[in-house]
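Here's the structure we're looking at; comments come further down.
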Amino acid sequence: MEDDKYPNAHKKILASVQTPVVGEAGFTSTWRTMRPVINLDKCVVVVKDKHNCHMCWLFCPEGTISRTIPPKVNYDYCKGCGICAHECPHNAIEMIEEGDNKSCPV
Ligand code: SF4
Ligand code: SF4
């Protein structure tokens, strides 16, 4: 029988997600040109009220999306790379230009 050194590992979320900090260039929000906007009508964790996706949280290289219902973007640290929008399996994230007057629901 296999030695079970980590008996509760399957109950934990095993992911490497960093905590954002201010870098030498300051807050990324000061130079970002695009920003992600989450459409809560399309986001499956909101629609199903279950933690059943969170791919945006997992793939964001800056760790700026929360693993919550609804997911929230920390715009102080988001650099506008668009990876979250690319990885969202439900096309719930749209990248819009900074300065666009479109309102952000989160
Ligand atoms: S990846 Fe898309 S559908 Fe999944 S939690 Fe994020 S916004 Fe919602
Ligand atoms: S645009 Fe990039 S930095 Fe901003 S929340 Fe999405 S993945 Fe993270």
Side-chain angles (χ1 to χ4, degrees):
M1 189 172 156
E2 196 174 291
D3 182 19
D4 197 359
K5 283 169 66 179
Y6 307 103
N8 294 316
H10 67 288
K11 294 178 184 171
K12 296 182 179 173
I13 297 164
L14 300 177
S16 176
V17 176
Q18 63 183 349
T19 303
V21 294
V22 181
E24 289 189 13
F27 286 105
T28 51
S29 56
T30 60
W31 49 262
R32 182 182 60 228
T33 58
M34 302 286 284
R35 71 162 53 203
V37 174
I38 301 175
N39 182 336
L40 301 183
D41 293 330
K42 287 185 172 181
C43 174
V44 72
V45 302
V46 175
V47 173
K48 301 274 188 190
D49 195 24
K50 281 171 70 176
H51 291 284
N52 57 358
C53 179
H54 292 301
M55 297 300 274
C56 51
W57 163 81
L58 186 63
F59 278 92
C60 174
E62 302 300 322
T64 59
I65 302 186
S66 65
R67 191 176 177 277
T68 55
I69 302 173
K72 291 187 179 172
V73 178
N74 182 336
Y75 287 111
D76 282 344
Y77 296 103
C78 168
K79 61 186 178 187
C81 64
I83 291 174
C84 54
H86 186 266
E87 295 298 333
C88 174
H90 297 273
N91 294 321
I93 304 177
E94 181 186 358
M95 298 301 294
I96 64 167
E97 284 187 27
E98 285 292 348
D100 193 321
N101 286 329
K102 192 170 183 175
S103 63
C104 178
V106 290

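Just so it is clear, the model here is predicted, and its values are computed rather than measured. Whatever order the structure lists ligands and atoms in, that order sets their numbers, starting from 1.
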Anything under 3.5 Å between a donor and an acceptor, one on a side chain of residues 49-56, the other on a protein residue two or more places apart or in another chain? List them.
| residue | atom | partner | partner atom | Å |
| --- | --- | --- | --- | --- |
| His51 | ND1 | His54 | NE2 | 2.9 |

Would you check if the side chain of Tyr75 reaches a backbone N or O of Thr64 as a donor-acceptor pair within less than 3.5 Å?
no

Which of the numbered atoms in ligand 1 are below 4.0 angstrom from a heavy atom of Pro89?
1 (S)

Validation row: Cys78, Ile65 side chains within 4.5 angstrom (heavy atoms)
no

Within-4.5 Å side-chain heavy-atom neighbours: Glu97 and Thr33:
no

Tell me the protein N, O or S atoms under 2.8 Å from atom 8 (Fe) of ligand 1, in chain and number order.
Cys43 SG

For Met34, what are the other residues in its hydrophobic cluster, where any two members join if their side-chain heavy atoms are less than 4.5 angstrom apart?
Met95

A side-chain contact here means heavy atoms from C-beta on lying under 4.5 Å apart; do Ile38 and Pro70 qualify?
no

Mind listing the closest non-hydrogen atom pair of Lys79 and Trp31 along with its distance?
CB-CH2, 3.7 Å

Contact summary for Pro36 and Ile93, nearest pair of heavy atoms
CB-CG2, 3.6 Å

Provide the protein N, O or S atoms situated under 2.8 Å from atom 4 (Fe) of ligand 2; waters are not included.
Cys78 SG

Check: Arg32 side chain, Glu98 main-chain N or O, donor-acceptor pair, under 3.5 Å:
no

